Amino acid sequence: MESGEPPEPREPGPGAETAAVPRWEEAKTFYDNLTPKKKPKSPKPQNAVTIAVSSRALFRMDEEQRIYTEQGVEEYVRYQLEHENEPFSPGPAFPFVKALESVNKQLRELYPDSEDIFDIVLVTNNHAQVGVRLINSINHYDLFIERFCMTGGNSPICYLKAYHTNLYLSADAEKVREAIDEGIAAATVFSPSRDVAVSQSQLRVAFDGDAVLFSDESERIVKAHGLDRFFEHEKAHENKPLAQGPLKGFLEALGRLQKKFYSKGLRLECPIRTYLVTARSAASSGARALKTLRSWGLETDEALFLAGAPKGPLLEKIRPHIFFDDQMFHVAGAQEMGTVAAHVPYGVAQTPRRTVPMKQAPAAQ
């Protein structure tokens with residue numbers, strides 16, 4: 001028998017009845033191995049934790065963006081069609097998406113019939129013609145992304161609620177602002193200055209506190225009256241929970257999935273780990289942050305109060321798949337240390353918006 005050919009089935013002869021069955025089973029196994037493995041079924045959007053990711057957050061498309069900017073949309077589409085069998089390189093959100101899929105695999109093993117898992121949607125204002133290259137890239141990396149939203153040059157933000165989006169990640173700051181204005185948790189993702197290995201078995205998500213998990217109430221006090229008044233305000237309101245910020249709901253969704261592992265006795269082996277990384281100081285303003293989380297029935301696995309120290313060095317030790325902050329100063333510091341950082345454009349710390357939108361590319365999310 002040639003290598004790679006199925007075993008030839010034999011009719012059982014006298015005294016060989018017991019030998020014939022394993023031979024047929026061997027042939028069946030051979031053909032089963034040739035059959036493509038069936039991918040798991042997509043959950044209903046309303047039952048899942050939906051993460052909408054733009055094409056330029058998931059993949060690197062710098063050359064394509066340059067062609068669009070310099071040569072226009074027709075040349076851009078032509079280039080994409082000519083290169084549709086060449087997969088894109090991974091972008092800044094790629095490790096995060098892989099970590100989500102790793103968690104899903106473990107959830108499916110523990111809860112085979114549950115749809116309370118992550119569901120990833122690729123959202124892009126690319127034309128449908130570019131979809132083949134995106135599909136080829138997703139299949140190349142063996143990603144499980146079945147839902148696409150390609151809007152042909154129009155903003156995709158109006159579709160996010162229809163997809164029951166819990167978090168929207170994009171490389172386009174204007175689209176992220178649109179999503180925040182619609183009450184959707186969103187952030188602009190930036191590539192790190194250097195590559196740092198992240199966990200393959202545990203999803204790690206780090207959050208700033210004020211204007212990310214919490215409202216910007218305290219930041220407004222600092223901006224208007226200074227740090228001394230801020231410390232007095234926090235002490236006086238220590239037992240009054242802060243209002244929620246734009247990513248409170250995403251932390252809540254992560255906590256719900258964590259509890260599914262806890263209920264199986266896997267708290268210490270949980271494949272989701274969350275971090276509060278805040279410029280607050282513990283003694284003077286930390287209690288209100290922790291009590292606010294407690295009042296919401298939420299927690300983070302670790303709480304790191306830096307009292308104004310840079311966040312980058314600590315994030316380098318944590319190695320999160322993504323870090324959310326409302327201030328570009330901290331985003332840049334995280335990037336320098338190899339962390340995928342995401343800017344949340346919410347609160348008093350934001351610069352005034354431009355009144356004239358910049359020209360957007362078809363892939364510009």
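FYI, side chains are in, hydrogens and waters are out, and symmetry mates aren't considered; it's all heavy atoms of this structure. If you're wondering where the values come from, they're calculated on a predicted model, not measured in any experiment.
- Ring geometry for Phe250 against Phe324 counts as perpendicular: the plane angle is over 60°, on a 0 to 90° scale with 30° as the lower cut.
- Ser263 and Tyr111 form a side-chain donor-acceptor contact under 3.5 Å, judged by distance and modelled atom types alone.
- A salt bridge does not link Lys264 with Glu109: none of the charged nitrogens is closer than 4.0 Å to a carboxylate oxygen.
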| field | Stepwise salt bridge (Lys or Arg N to Asp or Glu O under 4.0 Å) check, Glu299 with Arg294 | value | CA-CA 7 Å; Glu299 61 180 291; Arg294 184 191 302 165; over 6 Å; no
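- Expressed to the nearest 0.5 Å, how far CZ of Phe190 lies from CD of Gln335 amounts to 6.5 Å.
- Residues Asp216 and Gly347 share a closest heavy-atom pair of OD2-CA, 3.2 Å.
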| request: Determine, step by step, whether Glu217 and Arg220 satisfy the salt bridge (Lys or Arg N to Asp or Glu O under 4.0 Å) criterion, reporting the C-alpha distance in whole Å, the side-chain angles of both residues, the deciding distance to 0.1 Å, and the verdict. | output: CA-CA 5 Å; Glu217 170 196 327; Arg220 289 181 180 276; over 6 Å; no
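- In this structure, Arg56 and Pro92 approach most closely via the heavy-atom pair O-CD, 4.2 Å.
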| task | Could you check Ser218 against Arg280 for side-chain hydrogen bond (donor to acceptor under 3.5 Å, both in side chains), going step by step and ending with a plain yes or no? | result | CA-CA 10 Å; Ser218 298; Arg280 284 175 176 252; 3.0 Å; yes
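- A salt bridge links Lys311 and Asp208; the closest N-O separation between the charged side-chain nitrogens and carboxylate oxygens is under 4.0 Å.
- Under a 3.5 Å cut-off, the side chain of Thr274 and the backbone N or O of Asp301 do form a donor-acceptor pair.
- Atom NE2 in His343 sits 11.0 Å away from atom CZ in Phe323 (nearest 0.5 Å).
- A distance of 12.5 Å separates CG in Leu298 from CG in Leu290, rounded to the nearest 0.5 Å.
- Between the side chains of Glu178 and Ser155, at least one donor-acceptor pair of N or O atoms lies under 3.5 Å.
- The side-chain contact (heavy atoms from CB on, under 4.5 Å) test with Thr124 singles out one residue from Val53, Val130, Leu134, Thr151, and that residue is Leu134.
- A salt bridge is defined here as a Lys NZ or Arg NE, NH1 or NH2 lying under 4.0 Å from an Asp or Glu carboxylate O, and Arg194 with Glu316 meets this definition.
- Using modelled atom types and a 3.5 Å distance limit, the side chains of Arg273 and Ser199 yield no donor-acceptor pair.
- Interatomic distance, His127 NE2 to Gln80 CD, rounded to the nearest 0.5 Å: 11.0 Å.
- Here the CZ atom belonging to Arg78 is positioned 8.0 Å from the CD1 atom belonging to Ile67, to the nearest 0.5 angstrom.
- In this structure, the ring pair (Phe, Tyr, Trp, His ring centres under 6.0 Å) partners of His237, at least two apart in sequence or on a different chain, are His233.
- The distance from atom CD1 of Ile135 to atom CG of Leu122, rounded to the nearest 0.5 Å, is 9.5 Å.
- Donor-acceptor pairing under 3.5 Å is lacking for the side chains of Thr292 and Ser295.
- A donor and an acceptor atom, one from each side chain of Asp181 and Tyr346, are nowhere located under 3.5 Å apart.
- A search for ring pair (Phe, Tyr, Trp, His ring centres under 6.0 Å) contacts involving Phe94 returns Tyr141, not counting sequence neighbours.
- Using modelled atom types, one finds a donor on one side chain and an acceptor on the other under 3.5 Å when comparing Gln202 with Arg204.
- Glu232 and His225 are not linked by any side-chain donor-acceptor pair at a separation below 3.5 angstrom, with hydrogens and angles left out of the test.
- A salt bridge is defined here as a Lys NZ or Arg NE, NH1 or NH2 lying under 4.0 Å from an Asp or Glu carboxylate O, and Glu234 with Arg229 fails to meet this definition.
- Asp326 and Val212 make their closest contact through N-CG2, 3.7 Å (heavy atoms, listed as atom of the first residue, atom of the second, distance).
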